[in-house]
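Values below: all heavy atoms of this structure, side chains included; hydrogens, waters and symmetry mates excluded. The chains referred to below are lettered A, B, ... by the order of the sequence lines, with proteins before strands, and numbering in each begins at 1.
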Amino acid sequence: MKTLETTLRSLRESGRKALVPYVVAGATPDWTHHVEAAVLGGADAVEIGIPFSDPMMDGVVIQEAGLRALERGTTFESICQELESLETEIPLVAMTYYNIFLHYGLRRTAGRLHDVGVSGAIVPDLSLEESDEWRAASGDSDIATIFLVAPSTSRTRMRTVAGLSQGFLYASARMAVTGAASDQGEGERVVSELRRVSDIPTYVGIGVSTPAQAHTTAVFSDGVIVGSALVKIILQGASPTDVESFVRSFRTALD
Amino acid sequence: MKTLETTLRSLRESGRKALVPYVVAGATPDWTHHVEAAVLGGADAVEIGIPFSDPMMDGVVIQEAGLRALERGTTFESICQELESLETEIPLVAMTYYNIFLHYGLRRTAGRLHDVGVSGAIVPDLSLEESDEWRAASGDSDIATIFLVAPSTSRTRMRTVAGLSQGFLYASARMAVTGAASDQGEGERVVSELRRVSDIPTYVGIGVSTPAQAHTTAVFSDGVIVGSALVKIILQGASPTDVESFVRSFRTALD
Amino acid sequence: MDEINAMGQPDHRGHFGGFGGRFVPEALMPACVELEEAFRDAWSDEEFVALYHRTLREFAGRPTPVTPLPRLSQRLGLRIFAKREDLAHTGSHKINNVIGQTLLTQRMGKTRVIAETGAGQHGVATATAAARLGLGCTVFMGEVDTKRQELNVFRMELLGATVVPVTSGSKTLKDAVNEAMREWVTCVADTHYCLGSVMGPHPFPWMVREFQRVIGAEAAWQLKELGVDVPDAVVACVGGGSNAAGVFAGFAETAAQLYGVEAAGGAAVTSGSPGVLHGMRSLILQDEFGQVEEAHSISAGLDYPGIGPEHAHLADTGRATYVAVGDDEVIGAMRLLSESEGIIPALETAHAVAWMVREAGGRLPTGSTVLLNLSGRGDKDVAQVRAMLMEES
Amino acid sequence: MDEINAMGQPDHRGHFGGFGGRFVPEALMPACVELEEAFRDAWSDEEFVALYHRTLREFAGRPTPVTPLPRLSQRLGLRIFAKREDLAHTGSHKINNVIGQTLLTQRMGKTRVIAETGAGQHGVATATAAARLGLGCTVFMGEVDTKRQELNVFRMELLGATVVPVTSGSKTLKDAVNEAMREWVTCVADTHYCLGSVMGPHPFPWMVREFQRVIGAEAAWQLKELGVDVPDAVVACVGGGSNAAGVFAGFAETAAQLYGVEAAGGAAVTSGSPGVLHGMRSLILQDEFGQVEEAHSISAGLDYPGIGPEHAHLADTGRATYVAVGDDEVIGAMRLLSESEGIIPALETAHAVAWMVREAGGRLPTGSTVLLNLSGRGDKDVAQVRAMLMEES
Ligand SMILES: Cc1ncc(COP(=O)(O)O)c(C=O)c1O
Ligand SMILES: Cc1ncc(COP(=O)(O)O)c(C=O)c1O
């Protein structure tokens, strides 16, 4: 079992609901401070978005953040360098599209991510069926590969996905790309079905945008992923302190 | 034999080359004065153009004159009324397109033309083959029907055309619509071929635009028709006196 | 009513009953006679006919299909089939005629064609067929139209043709015909005048109808294959009348009702009277003094003050019925066919559709089978229609 | 080189050698699987196949002819034949694919399609096929393109479709695909994503090629009828690669050389490298960091930074050869074909013509027989070309 999963399992055992905020690397010059602020605010892990030109699974907010990052000259390597200087105890999980890894080289990617303190990877366009190569390349590294489950995923398929996911399972609350939503979506059904086939920590994301939603969601899941809602305030110019208190509002709702 | 032909035959017998200028009725308010001036200048007959919206056989100058006439509200009837007040000894020949006659009624047209002192009609889009009706309708009037012969007309066909033409034969000097031309065209060949099949007075038109051309043309024909060259100066504002001296310059060249 | 041979040959002078004939300057008479002879000869020469049909097949995409229109049929309570001239090369039936005439030009040993055009459809078709055979090509187009239809001018130029803007008269189609005739007088020895519809002097109305007959001939067997022996009605728009003549020819000797739909602003049958224009005796729009009036239609292809003489005759004998549709009904009809069947028709064609909409359940009884001649595609018209709709809103 | 079954089925994961596959969000995986099953099932159901072919025939005007191009042949010293996709309904081969996919949509019980479009050709084709079947239709189009191609937007609207301007990324085709995928995630239960080329996740590259195979299949027997057993070369332009795949499929198992002509500014084979984009592993234009680059071509239909995975594979195995042509060669080629044969090709197609001009006597030896896939007509492009030429002069 990779370190990420061990960490997150013991987090769950401690009775704490996981809070995983999402920060787009490079979207602002001080993004690493935002990461640190999120930690201070009570995050249990942080998703580090590595921008890609064609973010097929992302809504307008994260697209915009990615675009800004790219315009600032952000690259996989520049992000890794900035991560090197970031001091944190909690796990970091890279989130990007497969072409970025492919282009950098799969083994090289896994090694580099590990070197800079990343312990997991979410690659939404890397389907289970196409993941052999990456899993082989990252297998002997300590990078956990996190798969997503969607409301459209069949039960049989859930079993397979859950079986291969490492670290945690990303349960998508709705049929949508990243972005705020006002309703609860189908997270509860998805998680309850997953529970029958796996005991891996299961976090709900896609559309979790308020502390109240996070609270309700945490009742049936092991944690929540807060993406667009946080990225949005960062795009609007939030300071690290703003980020810290934003994250803390979720922390409070979860505890 | 209709009066027009009798007149023109005796003109030829007198040794005089016929000069037939062309005036577009209604192109200017004083067009009847232009006709009278042409007579004073030495015309032997005058072609009176009755304007038609779609003058398929006319070049730009006569088109323009016709358009001006139509814009001034000229109609077949208004022209006839104005002709009524025109006093002249020499023959007048109406020139227009068939639809004008058809629309006014064929018998009615012949009668009206005769009443206002016209003795011939040139209808360039009325082919021999389609002329039965008109010839029947005008047969017992004293309106002579003048047909054209073109450089493309075969010898056999020339015989038929010449046989039907009354008053005179209009020999087209070239394959062209009305308008000035600098060369002599094929008039000489056309006339010499016509001579073999008919002794009707034969006048050459289409492109005769200078006294010199008229002179050369009269050597092999019985006369010339001067259209666009005269209409052009009228459009440019020629006074009746200008018209008279223009026509006289041709008269001098012919005598 | 003499239905047998209703659309046979005209008489030896090119008359269809009281219409037709040859009203042209003497200079053009020999050319008309030569053309008539050349056409008669070619049309009875199996090799020429085979070449014509092979060119239509290999180059122009014939046979064009007959498409059942289930959704429009349901809306209108009819059983509608469309003969798809919009799928012919260059986008309308015009290509059938120009392929015939350019092949004939070649056969006559002439090396150049001239043509008139209104919106540019016939001009583009002529330039196309001329390019294919390596013939020179000059197209006369009213100056007003060259400005309204810049893209078609460019299309013709791309195809190697010369476009001459006509500045006489109203500077539109009618004047382009006059100008082409004037030009023809000067170059008739090596040049054929490729007229664009069933109009002009004999043999054009007859010849162009024969070159368009393929529409009706194909549709007749295609309908049979689709289980329709004879349609109750055949509907076509009428400008000069070539697409209508072509499709009617396939059904003239059947019991099918034939309907020609004119544009209200260019309705030579509905609002015109007998007269002579452009070398033919026919029905034309004219004022009380016999001056020809300008037609006014939303659709350039129907913007013609005359009609082919055979149509005047078919109207006279009652074999075909002519009706008129106003500009206001046309856009809705264009939209209806587009939305319900995925075919954007030309504005010309949309007149025929509009009339079907109006008469469904009326002169076209519910349940009756209708063949619509879909004479052309609407691509050429979308810019105009869009601009009109934007102005309105 | 394994020529037998060179263009057969991909493996069970949709791989063509090292390319293809299914790189999509988990939310779309079930839809891809469902689609694959539905397509397999339909494609082996005689009734469906018959319906597809009947629709192509009755509605879309198939078979399109193969036209010998004598004058161009003479100029280039080749024996050239053109497969006339320009004569298919809506003006290009795109209709073949959308008819297949919309019929499949109906069969799957879905009531709506979405599509991406660049210049609008695929969007118009999709809107057309959707209108014909009464399916809802939404088309995603980069905002930049909606402005460049206002008329195509209007055309789609006339056909009853909704056009959504895409404001993300470069606001062009590539982003329209992203946006369509994002939309599909939200409505996959009742909506089919009608992809416009042999790209995207499995089964699209295979399915679209099968729906386009009719081009090559027809051309093969049509050439035989014209006395050509197997052409020496088959030439097609390549954007995503659907027209090329369709025509290649008819000749993959023959000795014909296959040439795919890319736009120099969108040459995924010539200038790209392996990567993953839009659900597939293929060759793509990307910068040194793996960010996908925008393509830049005079021709909107070739303005795509990727290529269908099967082409990447055909390039890999050497069965087909891919070459690139720059914008500067294209207008001349468009003019050449127009003038010499009376066919104005689409700018996309003109790339293939330009390459033939360049290689006549070179890679296309004098006297060799060439099949050109004339993928579409140039009507959509004349305004652009005219504006460009006017700027130059
Ligand atoms: C599509 C279409 N239909 C009809 C017409 C009218 O011509 P005709 O009455 O000769 O068929 C035109 C003329 O341009 C046309 O383009
Ligand atoms: C006429 C034409 N040819 C070619 C293409 C390129 O697409 P593909 O490579 O999928 O055939 C397009 C795309 O719009 C097109 O319109």
Side-chain angles (χ1 to χ4, degrees), chain B residues 50-60 62-64 66-67 69-70 73-79 96-105 109 123-133 147-154 157-158 161 165 169-172 174-179 206, chain C residues 11-15 18 20-34 166-171 174-189 191 200-202 273-282 284-294 305-306:
Chain B
I50 301 174
F52 177 52
S53 53
D54 294 81
M56 190 206 279
M57 191 57 196
D58 288 306
V60 283
I62 295 183
Q63 282 172 40
E64 171 64 20
L67 196 67
L70 290 175
T74 306
T75 65
F76 179 73
E77 186 49 40
S78 76
I79 293 168
T96 190
Y97 292 82
Y98 193 44
N99 197 54
I100 297 295
F101 287 4
L102 257 188
H103 196 80
Y104 196 77
T109 299
V123 191
D125 65 341
L126 182 63
S127 64
L128 206 69
E129 285 78 355
E130 297 291 348
S131 65
D132 294 10
E133 256 181 305
F147 285 102
L148 284 92
V149 164
S152 59
T153 310
S154 69
R157 191 173 168 86
M158 278 188 187
V161 179
S165 202
L169 249 179
Y170 191 134
S172 177
R174 65 197 78 241
M175 294 295 285
V177 295
T178 57
I206 311 292
Chain C
D11 75 13
H12 70 284
R13 290 186 305 162
H15 287 198
R22 197 176 267 159
F23 295 83
V24 289
E26 175 59 26
L28 293 180
M29 285 303 289
C32 291
V33 173
E34 176 197 12
V166 173
T167 55
S168 61
S170 59
K171 306 183 173 54
K174 161 172 107 60
D175 309 284
V177 177
N178 292 329
E179 204 57 39
M181 288 273 186
R182 291 178 190 123
E183 167 79 7
W184 199 27
V185 171
T186 71
C187 58
V188 63
T191 300
H202 181 55
S273 54
V276 165
L277 175 69
H278 293 153
M280 66 186 170
R281 186 160 181 159
S282 190
I284 56 178
L285 293 181
Q286 48 189 327
D287 67 15
E288 51 178 317
F289 309 108
Q291 304 296 348
V292 180
E293 290 182 313
E294 281 173 51

query: In terms of heavy-atom proximity below 4.5 Å to chain B, should V188(C) be classed as side chain, backbone, both, or neither?
result: side chain
message: Counting only non-hydrogen atoms closer than 4.5 Å, does P25(C) touch chain B with its backbone (N, CA, C, O), its side chain (CB onward), both, or neither?
response: both
statement: Between S53(B) and the options K174(C), E293(C), Q286(C), the side chain to side chain contact (heavy atoms under 4.5 Å, CB included) test singles out K174(C)
- prompt: Given a strict heavy-atom distance threshold of 4.5 Å, which part of R157(B) is in contact with chain C: side chain, backbone, both, or neither?
  reply: side chain
message: Counting only non-hydrogen atoms closer than 4.5 Å, does L128(B) touch chain C with its backbone (N, CA, C, O), its side chain (CB onward), both, or neither?
response: neither
message: Measuring only between side-chain heavy atoms, which start at C-beta, is V177(B) closer than 4.5 Å to E183(C)?
response: no
field: Selection from E179(C), R281(C), M181(C) maximising heavy-atom pairs under 4.5 Å formed with chain B
entry: R281(C)
message: Could you tell me if the side chain of S127(B) sits less than 4.5 Å from the side chain of L28(C), heavy atoms only?
response: no
field: Separation of L277(C) CG from Y97(B) OH (nearest 0.5 Å)
entry: 12.0 Å
message: Could you measure the distance from the OH atom of Y98(B) to the CE atom of M56(B)? Nearest 0.5 Å is fine.
response: 14.5 Å
task: Against chain C, label Q63(B) side chain, backbone, both or neither, depending on which of its atoms sit under 4.5 Å from a heavy atom there.
output: side chain
- prompt: Most heavy-atom pairs under 4.5 angstrom with chain C, which of L126(B), T153(B), L67(B)?
  reply: T153(B)
- request: State which residues pass side-chain hydrogen bond (donor to acceptor under 3.5 Å, both in side chains) with T96(B); sequence neighbours excluded, sorted by chain then number.
  value: none
query: Which bit of P55(B) comes within less than 4.5 Å of chain C, counting heavy atoms only: side chain, backbone, both or neither?
result: both
- prompt: By a 4.5 Å heavy-atom criterion (distance strictly below it), what part of F52(B) contacts chain C: side chain, backbone, both, or neither?
  reply: both
- request: With a 4.5 angstrom heavy-atom cut-off, could you sort out which part of H15(C) is near chain B: side chain, backbone, both or neither?
  value: side chain
task: Identify which part of V123(B) has an atom lying under 4.5 Å from any heavy atom of chain C, answering side chain, backbone, both or neither.
output: neither
message: Less than 4.5 Å apart, side chain to side chain, heavy atoms only: is that true for N99(B) and D54(B)?
response: no
query: Roughly how far, to the nearest 0.5 Å, is CD of E129(B) from SG of C32(C)?
result: 9.5 Å
